[in-house]
Amino acid sequence: MMESARDIEGNTTFDSMMSNSGFGGDRKSRKDKTIMSSSSSSTSTSFLLSVIGRIETAQIFGVDDVYCKYNLAFGNDWTITSGMEEGISQITMKDDDGNFVWNFPVEVTFKSSNPHGWPQLILSVYGSDFLGNHVARGYGSVHLPTCHGSYVKTIPLFVPESSSFLQKISAWLMGRQPEFVDPKLLAQSEGRQVVRVQSNGYVVVKFEVVMKDMKKLGFLTSSKTITENCE
Amino acid sequence: MEEWFGPDGKLLGFSDPYRAEPVKLVPNESRQLEFEKNVVFVRARLDPFQELQIDPRQSYEMVLELGTIQFTHHPLFSKEHILSARLEEAFAEYTARNLMRLTERATNKLKALREAVSHTKQAFNNALSQLPEAENPAERKLLKESIGNLRDRIKNYRKEMQRTCLDRDQGYWDDRAALVSVLELWRELKGLRREQGYTNTTPKLSIMEIPTDAKEDKIVWKKAIEEEFNDLKEEYDETYETEIRVYNEEIKKFLAERRTLKKSRTFSTSIEGKTTTQESKSDSDDEDTLRDENSAKKPKPPPKFDPESTIKAIEKRHAELRRQPGEPILMLELLKNASISATNQLPTGSNKEEQRRKMVHKLKVEIKIWFNDKEVYTSKPRSIQPDFSGFLGLSIPISIKEWPECLEIQVIDSTMKLNVDHIEVQLPDSKTSIDRCHTQRHQFSSDDVVRVSNSGVGCGVPFEIMGKDYSAQYPRGFITSRIGWSTDTDGNILCPTGLEKLLQSAETRESDRKLQQFIKGKSDFDPNDPKNAQWLNMKVRKPEDNQLLEAGLMSPQKLTALQITEKEEGFDFDERMKEFEFCTMESIEQSARFRLLHLRDEEVPEFRGLKMVPAFERDIPADIFSQYERRLKEDMRKRSGTDPSLLKPSRKKFPDDESLYESNRLEKIREMRLSVLHLFENSTKQITFEDLVIEEQIPDIGTLGLNLMALFQPRRPLRPTRKERKRVQGSNLIDTKISLIVSIVRAFNLPMRKDTDVGLLTTESLTGVQVSSKRMERGVGNYATVKPFVEVWFQRTTTRTTTALGSNPTWNQELQLNLAVPNDDYSQANLSRMDDLVYFHVYDEVAIDLLEDDRRRETDIHQRLEKRWLGTISIPFSTLYTNGRIEGTFKLNSPPILLGYEAQGMASHFGPSVVGKNSQQNPSSAFAGKGQGAGTPFSNQKNAFITIFLTMQPSVTPSSGFKEDSQSGETADMVAHVKTWKNTHEMKFPDRIVRPFVMTSEGDTILCTRFLKPIEPPNTLLTTDIDLMRAMEDMAHYVSLFPCVRDSTLGIVDFSLWFTSDTFISAPGGGIEDHSVLLACFFMHLNVPCWIVQGNAIPDGPTTFVVSSFKGLGEDKPISKQLKNAVLIWNACTGDYFHSNDNFCPLQRVWAAIGKLNVWAYTGEGERPHQVDWDVGKSKCWSPLFPRPVPENKIPCIQIAATRYKPADQVQANSLAQRIERNLKEVFMKWRTTTKTNWNRYCSATLRRLLPKLEESKLGRSKGSDLGTTAESTVTLHSGSGSTISLNEEHLIELREIMTSYQMTGFPLQQPYTNMECIIETVFATGVHTIDAPDVEFAVAAYAHAYPASVYSVWVYVAALHRRK
């Protein structure tokens, strides 16, 4: 249901863009320009990537309760056909071994015509400090697997550091730890050189990846023998 | 067991399996190696199938028809089969030879040649005989030539004959050999059949003898020999002639040589003395020896023709090759009628044969069809005949749903389980239907080794037949098939389009593969072998190349790399890198998809943020680039329109030449600045910590204090101050709308409405009574209060305030306007690039009574509201964006003359002496000096002011990326010195932005003092008779006429980019700083001390002004006393200047002053200009960059010494004025969509006359002598007598004729010429066109005054006229 609705929307916006593709055109419709050919339904002009996964556990040091937020960052040629682009988990307390368990499902299907901008899963882990403020406990990102199969990924986490020692003290006093403006920045390489971070634990994520029509578009993501065996 | 369990019976182990130190498992290295070994480099290539399109709705069908199958070898072949197969092969060759009849052809050719030779010979002889007869030298020459030609021809024929003769002999030989081999095989076959006692195969050779007549044969034989002999003889004769000639010559030479030798010898002996006879004897001996020596060298005569030996040789050859006379001709025929002996009739002991036959009987084949490596069809098993042939008769339609890559047939021997190779079938081309194609034979083979226990020979096993050894045979065979596209009922071929391309690529792939195979097969590849030339299509030059080549021979992959280097340059790494290239650059550039992706990456506005670019080029709409290309073309046109016209203004450019004026001057300046900016693209895009991380600011003492103070402050203060709001990053606003919040507080000193009583005025002026003084006294004139309102106009949307009353209205109203961002892109780059202006127009709302009947006045109101423009201020959005908010009291830009209004005298703060400064000093300019409605500071009691506050909701922070430290044009010492100076200053005054470094057009950062140097202004501005003040005003006016581009619209926020003045003048135009620099340089030329001041102004924000001081100037300078101590602040962009004491000076804060050789940072307390002590020498208030004066040569100026100005061209200016007027009229009528626009041409003409005077007044160049002759003589008279007739009234006098019949409102507008749109926009903003009265008439006049360096001052007079009742 959701899939078809998105498709139609994509087509109409592109058509409208082509009809009034000037600066003076309707601004609303130009918000997301999309190119989709009309014959997209019959032949495959895009491939599908379906990821079923779970954000299972985490090990974060020195924290008692955390929750996890996930975002998906992807390139211009990608759209989500079903599933949620972001989600937020429950708050969990650690067990005796220091593991946090969320078992938070992530299920999303992408449609794309270009592997450039392959989707990334961005995790931001927050927890409350002793004053009850919610502070960032860790950020991490990982590309979704480019090959079908089942994967277990351990994503290391880090948190941005304060810019100076004084800031650190003030942050501690005020209970406002530095955090990223936008977690999606973690999907980019640009501008990372200005930030100092501290490594802080890891999150274990499981993925099951299914793909469709990758080969029809001329992409091979696995060696041929494997493909044949699987087929 | 003991090792596993401990004494307690529990499994031994660590108490905790967790290990503190990390452990790495040893990787399986052998496997790794194996993997690495197996990795083979495969060149990347585009898949041709991606390019093609298959329409899924269409059905494509291919038909493969299989005819028969025939094994030429099979494990179950018996020996007899082998022989008979061979026999058949030999017979096929024999018949083929017979059919071709090579020998016969050669014989015939020989015959023809022989005839040709005899003909030419005849001709040759004829020519020879004619030669002596011919007398004419020309004829002779011709004949000689023809003789030469004929001789050559004969020679050629002879050669050809020799060759053909050889061919014929070879033919005889081959014929014989073919015949013999057939006969031999047949003999063997017969022998085998006899031996084994049964027959397995059908072939049977029948031999027919055709008897021949021996006599006849002999005659033919003889004749042939004779002919050949003749040929040889003739040939010999011909060659003999030439040979003998050569011989004769040689012999002559030889004899001569000998003679000379002899002579010399006799001579020498005679000298030595006739001594003894013995000696003479010895001489003769010597001679003998000499002869002997020479005889060895003596040329031999050509050999004589020996007819006997020749004929013998010919006969011998014929006997060897040809059929002997009388020998019968053998005709062979291979019949397939030999009866195969039935199985039950087989002789005893041939059990093996029985078994074989049984096997053959069971033999079945299946056919599989593979399409694109997928099995698509399997036939039913077909039985095979005992002769190993089978009829298949299959017609297999293949419906195609994907691109046909390859089609293969596989033959499966289901009984023997032979592993037969796939047969690749060539795909039919797009035009071949199945009905039209031909049957083809496809060979198939197998490498299997099969041993059979029966009488079959097996495969891959050597065997012998009748004592003769045969090498191993492998299964082989052929299958006949045909393939084509099927047709639909209309006869259309069901073939997908674009197949040709595919087939081509398949061919190249095929050749590639062949090459690979070839090289693999030949490890001993010899590069010197000429046969390999085609594989080594390259030149090897250097020895190291040779080595590489050898290395290439070791591994096939490398050789392909060599293969690719076909270029003659030899060998380099770039070439080798080609191997890794995907495809050629051209094909990438041509690809629409790649282009689209590329443009999107470059963030070209049309494609920015484009989503889901299709994976295939075919899905990209063809017209996707059209919009973009059109825009590019337009840009190109604009650009090319700018350059030539501005650089080379020629007389030929007449008003019709639109491009000259259409050229957008701003565009060029922008481009220049952007090109500099490109140098720093990376650094401007730099991301800072704040962009990435949100962090709480450290509370300093100040904020803490303020927080504490807030507790004690009144809850509702009487004078509330605005609190700074938290700023948001532009990029974070994706969906939120940004709105502009405008709060209009009040205005004051607006002009009074006054319907001028023309009658009174004219009478006054005629009577010579001082009009103004009289009026002042009596308060003449029917003044009415204005009803002003403010209209805020931004991006063509407007909102307005309510109407207030009086000249000093208070609105206190907050208005909101939505911000429309191009492409909905709220990124910082985009926001800062917006250069829309926010206009604040103050209008007077005039109610015009329409009520016809006075009696109804008590009850009815019938009015029309008209708005009349009083003044405007415009604030660029970029200023608001960089400053965050704009607050203050601004001077309203009102026209110098406002017909129907009169500026009202405000309580003068400055005293009358200042007002009258010019009139006292210089009577000639008094007239103009008085009339300044705007511009000069001392008349600003006549200016109107408006107090506004402007901000954005939410407040968006501008980007701040670039930090001045790129490559520097200064020495390291200098940079260090300046930086420490700057830092110490910034420590003290963090708010004061001091920028000693600026960037040049080359991208160097240099000290800004290098820009200051006296520059001579154009000669026309530099007349000696006027006083200093006027000259300065003129220069300010001139500089203000250069078009201005704001830095921030280019995204330049944090640093300043200065151009040298010659660039600025030649552009013409530039940024605010460039204006300031030029003005300061002009002032320096006048020896007026001046500085460029960096500071904060309203509404501009951080900007530069020029400050001039007359202090310390010599007494000889013609300056008024009032100005002696005055410090003037000049706005170089507008040409306005202000007294430093002026309260309304836009410069609000002073930060630093830049002088010629030094920079001073302001360290005083009060930052307002009137608080500043303008003596930069005072160390209390100013901290200099160089405490000690620096010699001028240490920081030399970068300005070019002599700046040249193009002379002013008034002809062009006039044509420009015409165009402006025409354009204005056109757009004016367009704006008034609902009603007809009437033009009052008489009024326009009058106004047009008035405009040049306005410019003159602005420039202070009114010449009394000129005026004397014109209608204004009266006015001059009055001004001469010291009266204060305003310009306004002068205009009224000029217009009095019109005024008598019309009520007139109008005003002149002045601006520098940047482009047509700017002028049109200014006129539109005044809203004159909105007057909608039924009888209204309009007048528009334009005037452009040309100044040197092609800058123009443009005046537009707009007026609306209402007919008086």
Side-chain angles (χ1 to χ4, degrees), chain A residues 10 13-14 17-18 21-23 27-28 30-40 42-47 75-79 111-114 116 136 160-164 166-167 169-171 173-182 185 190-196 216-219, chain B residues 18 46-51 53-57 373 401-402 593 596-597 600-601 605-616 618-621 623-624 626-628 630-631 685-700 729 731-732 734-735 820-825:
Chain A
T13 49
F14 178 64
M17 187 207 115
M18 290 317 293
S21 53
F23 280 108
R27 291 199 155 88
K28 260 275 158 61
R30 301 181 81 240
K31 190 127 191 179
D32 52 324
K33 304 175 219 171
T34 310
I35 294 188
M36 288 297 292
S37 90
S38 52
S39 64
S40 64
S42 44
T43 50
S44 55
T45 56
S46 53
F47 60 86
N76 277 325
D77 296 328
W78 291 76
T79 45
K111 184 164 93 178
S112 171
S113 55
N114 191 350
H116 173 75
E161 282 270 85
S162 295
S163 55
S164 67
L166 205 63
Q167 287 274 23
I169 294 170
S170 111
L173 283 172
M174 315 255 301
R176 291 269 297 174
Q177 298 289 334
E179 48 188 87
F180 282 112
V181 170
D182 186 357
L185 289 168
E190 212 179 318
R192 294 277 275 274
Q193 73 273 20
V194 299
V195 193
R196 281 182 305 154
K216 276 189 189 162
L217 268 77
F219 300 117
Chain B
Y18 176 77
L46 281 179
D47 193 346
F49 304 107
Q50 300 298 331
E51 305 293 314
Q53 196 172 4
I54 217 157
D55 192 348
R57 283 163 293 187
D373 293 336
K401 290 284 176 216
E402 58 184 288
R593 178 166 183 262
L596 202 63
L597 291 172
R600 185 177 70 176
D601 188 49
E606 280 89 343
F607 307 102
R608 186 173 8 207
L610 199 67
K611 286 199 169 157
M612 290 298 270
V613 172
F616 299 105
R618 54 173 190 253
D619 294 333
I620 295 172
D623 58 342
I624 193 154
S626 59
Q627 177 86 21
Y628 167 65
R630 215 176 305 137
R631 184 175 67 90
K685 274 183 189 167
Q686 222 165 44
I687 293 175
T688 57
F689 184 75
E690 287 74 29
D691 292 333
L692 283 182
V693 177
I694 306 170
E695 193 181 43
E696 201 73 354
Q697 287 301 312
I698 313 178
D700 55 10
Q729 290 274 329
S731 49
N732 295 350
I734 308 302
D735 289 321
V821 183
N823 297 337
D824 271 3
D825 176 8

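All of these numbers come straight from a predicted model, not from anything done at the bench. In what follows, every chain begins at residue 1, and chains take the letters A, B, ... in the order their sequences are listed.
- B:Ala615 and A:Ser113 get closest at one heavy-atom pair: CB-O, 3.4 Å.
- A distance of 9.5 Å separates CH2 of A:Trp78 from CE of B:Met612, quoted to the nearest 0.5 Å.
- Comparing A:Gln177, A:Glu179, A:Arg196 by how many heavy-atom pairs each has under 4.5 Å with chain B, the most go to A:Glu179.
- Scanning both residues, B:Val693 and A:Val181, for their nearest heavy atoms gives N-CG2, 3.8 Å.
- Residues B:Leu597 and A:His116 have side chains not in contact (no heavy-atom distance under 4.5 Å, counting atoms from C-beta outward).
- Proximity of A:Asp77 to B:Arg600: side-chain heavy atoms (C-beta onward) are separated by under 4.5 Å at one or more points.
- The part of A:Ser112 that comes within reach of chain B is its backbone (N, CA, C, O), which places non-hydrogen atoms under 4.5 angstrom from that chain.
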